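Since we're looking at a predicted model, the values are computed, not measured. Labels below follow one simple rule: chain letters A, B, ... track the order of the sequence lines, proteins then strands, and each chain is numbered from 1.
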Number of protein chains: 2
Amino acid sequence: MSSPDKVFEALGSTTRRRILAYLSEAPLAAGEIAKRFDMSQPAVSKHLSILEGAGLVWRERKGQFVTYGMERATLAGTLAGFLQEVCPPSRALKKEAKARKGS
Amino acid sequence: MSSPDKVFEALGSTTRRRILAYLSEAPLAAGEIAKRFDMSQPAVSKHLSILEGAGLVWRERKGQFVTYGMERATLAGTLAGFLQEVCPPSRALKKEAKARKGS
DNA sequence: AAGATATATAGCTAATAAGTTAAAAGGTTT
DNA sequence: AAACCTTTTAACTTATTAGCTATATATCTT
């Protein structure tokens with residue numbers, strides 16, 4: 001289960017959002033991802049496991065390599081869910097229209 | 001200007017997302033918001049100014065009170081922008097379909 | 001102008017997060 | 001099994017964040 005809390009915390013880091021952007025183009029091995037960043041490979045590995053803990057990426061061992069890929073459904077689902085909670089398409093907007101008329 | 005970095009960092013906190021959820025129903029005075037949380041008023045005030053710094057809420061002084069309200073466009077725009085970058089509706093999905101066929 | 005109320009800022013402490021290097025674990029290859 | 005490569009985990013340091021209390025600022029009321 002991917003809790004919104006974990007997802008939003010994971011998305012709070014610019015580095016992790018950049019990783020997702022790379023993975024959105026194609027799955028990549030951990031080392032390939034690390035190459036794209038100006039930090040140690042263990043640091044990137046930690047970011048990857050945070051992303052995985054949030055359910056935002058999947059991981060698959062391929063021999064000595066580990067391939068990571070995006071879990072699009074989690075991202076889309078979490079963001080859509082929050083948007084609906086906070087930018088409701090009908091509920092709040094109707095309320096607002098009412099309030100404007102009344103004022 | 002509301003940078004995506006600031007927006008995502010602001011959304012990374014559960015408390016701040018709860019504040020947004022309250023504000024999504026109606027604008028509220030700072031004190032009214034603070035009442036809803038089990039923490040000091042200054043702590044909530046700080047969260048509010050982080051949200052304002054990210055462009056996620058507006059602030060308006062009304063006499064001795066300060067009313068806060070949601071800035072829906074920032075939230076919707078930022079999340080939609082990121083979703084488009086990372087869950088592109090056509091680009092990546094077409095690529096993926098191609099890759100599946102090829103494998 | 002004095003007192004009361006609402007909010008923000010300052011200064012501090014404690015908890016969390018991000019990075020480093022070194023070592024371990026998993027998997028190939030010869 | 002030994003050497004090698006890829007990735008993760010551990011131990012540690014430093015920077016950031018979140019909270020608190022006390023104080024300042026702004027506005028209203030008398």
Side-chain angles (χ1 to χ4, degrees), chain A residues 2-23 25-71 78, chain B residues 2-23 25-71 78:
Chain A
S2 83
S3 79
D5 278 20
K6 282 190 181 173
V7 170
F8 277 105
E9 154 140 16
L11 294 178
S13 147
T14 305
T15 301
R16 289 191 287 265
R17 287 197 309 284
R18 272 188 61 202
I19 292 178
L20 286 180
Y22 284 127
L23 294 183
E25 308 192 13
L28 287 173
E32 285 300 310
I33 300 168
K35 268 189 206 159
R36 290 159 166 77
F37 290 85
D38 190 24
M39 75 180 69
S40 70
Q41 182 268 329
V44 174
S45 174
K46 204 173 180 182
H47 284 299
L48 286 169
S49 66
I50 289 170
L51 286 168
E52 203 209 358
L56 285 166
V57 304
W58 48 260
R59 179 206 303 255
E60 190 185 357
R61 186 166 267 281
K62 288 198 174 168
Q64 45 190 337
F65 299 82
V66 176
T67 299
Y68 284 87
M70 249 201 94
E71 206 72 82
T78 304
Chain B
S2 83
S3 79
D5 278 20
K6 281 189 182 176
V7 171
F8 277 105
E9 155 142 14
L11 293 179
S13 147
T14 306
T15 300
R16 289 190 288 266
R17 287 197 310 284
R18 271 189 61 202
I19 292 177
L20 287 179
Y22 284 127
L23 294 182
E25 308 192 13
L28 285 173
E32 286 299 311
I33 300 168
K35 268 189 208 160
R36 290 161 166 76
F37 290 85
D38 190 23
M39 75 180 68
S40 71
Q41 177 270 324
V44 173
S45 175
K46 203 172 180 183
H47 284 299
L48 285 168
S49 66
I50 289 170
L51 286 168
E52 203 208 358
L56 285 167
V57 304
W58 48 260
R59 178 205 307 253
E60 190 186 356
R61 184 166 268 282
K62 289 199 175 169
Q64 46 190 336
F65 299 84
V66 176
T67 299
Y68 284 88
M70 249 201 94
E71 206 72 84
T78 304

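- Taking atom CZ of B:F8 as the reference point, atom C1' of D:dT17 lies 20 Å away to the nearest angstrom.
- Listed nucleotides C:dT20, D:dG19, D:dA22 differ in distance to A:A43; the shortest reach to its side chain belongs to C:dT20.
- When rounded to the nearest whole Å, the span between CZ of A:R17 and P of C:dA18 equals 12 Å.
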Could you go over nucleotides 4-7 of chain C and give all protein N or O partners under 3.5 Å, atom names and distances?
from, atom 1, to, atom 2, distance (Å)
C:dT5, O2, B:Q64, OE1, 3.2
C:dT7, OP1, B:A30, N, 3.4
C:dT7, OP1, B:V66, N, 3.4
C:dT7, OP2, B:G31, N, 2.8

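- Comparing A:T15 and B:L48 along DNA chain C, the residue whose closest nucleotide (by nearest heavy atom) sits nearer the 5' end is B:L48.
- Although no hydrogens or angles enter the test, the distance criterion places no donor-acceptor pair under 3.5 Å between the side chain of A:R16 and the main chain of A:R18.
- Closest approach of B:P4 and B:T78 over heavy atoms only: CA-CG2, 4.1 Å.
- Among the atoms of the strands shown, only primed sugar atoms or phosphate atoms (P, OP1, OP2) are found under 4.0 Å from some heavy atom of B:E9.
- Straight-line distance from the NZ atom of B:K46 to the P atom of D:dG19: 9 Å, rounded to whole Å.
- Taking 4.0 angstrom as the limit, A:H47 places a side-chain polar atom (N or O) nearer than this to OP1 or OP2 of C:dG19.
- Counting only heavy atoms from C-beta outward, the side chains of B:I19 and B:L28 never approach each other to under 4.5 Å.
- OP1 and OP2 of D:dG19 both lie 4.0 Å or more from every side-chain N or O belonging to B:S40.
- Going from atom CG of A:D38 over to atom P of C:dA18 covers 17 Å, rounded to whole Å.
- Smallest separation of non-hydrogen atoms from A:V7 and A:A54: CG2-O, 3.5 Å.
- Here the P atom of nucleotide C:dA14 and the CE atom of B:M39 are 19 Å apart, to the nearest Å.
- Protein atom CD of A:E60 is 18 Å distant from nucleotide atom P of C:dG26, rounded to whole Å.
- If you take CD1 of A:I50 and C1' of D:dT9, they are 14 Å apart, rounded to a whole angstrom.
- Among B:R59, B:E60, B:E52, the one residue that satisfies the side chain to side chain donor-acceptor pair (under 3.5 Å) test with B:Y68 is B:R59.
- Pairing each heavy atom of B:I33 with each of B:L23, the nearest pair is CD1-CD2, 3.9 Å.
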Just list the side-chain donor-acceptor pairs under 3.5 Å for residues 35-44 of chain A, sequence neighbours left out, or say none.
from, atom 1, to, atom 2, distance (Å)
A:K35, NZ, A:E32, OE2, 3.0
A:R36, NH1, A:E32, O, 2.7
A:S40, OG, A:A43, N, 3.3

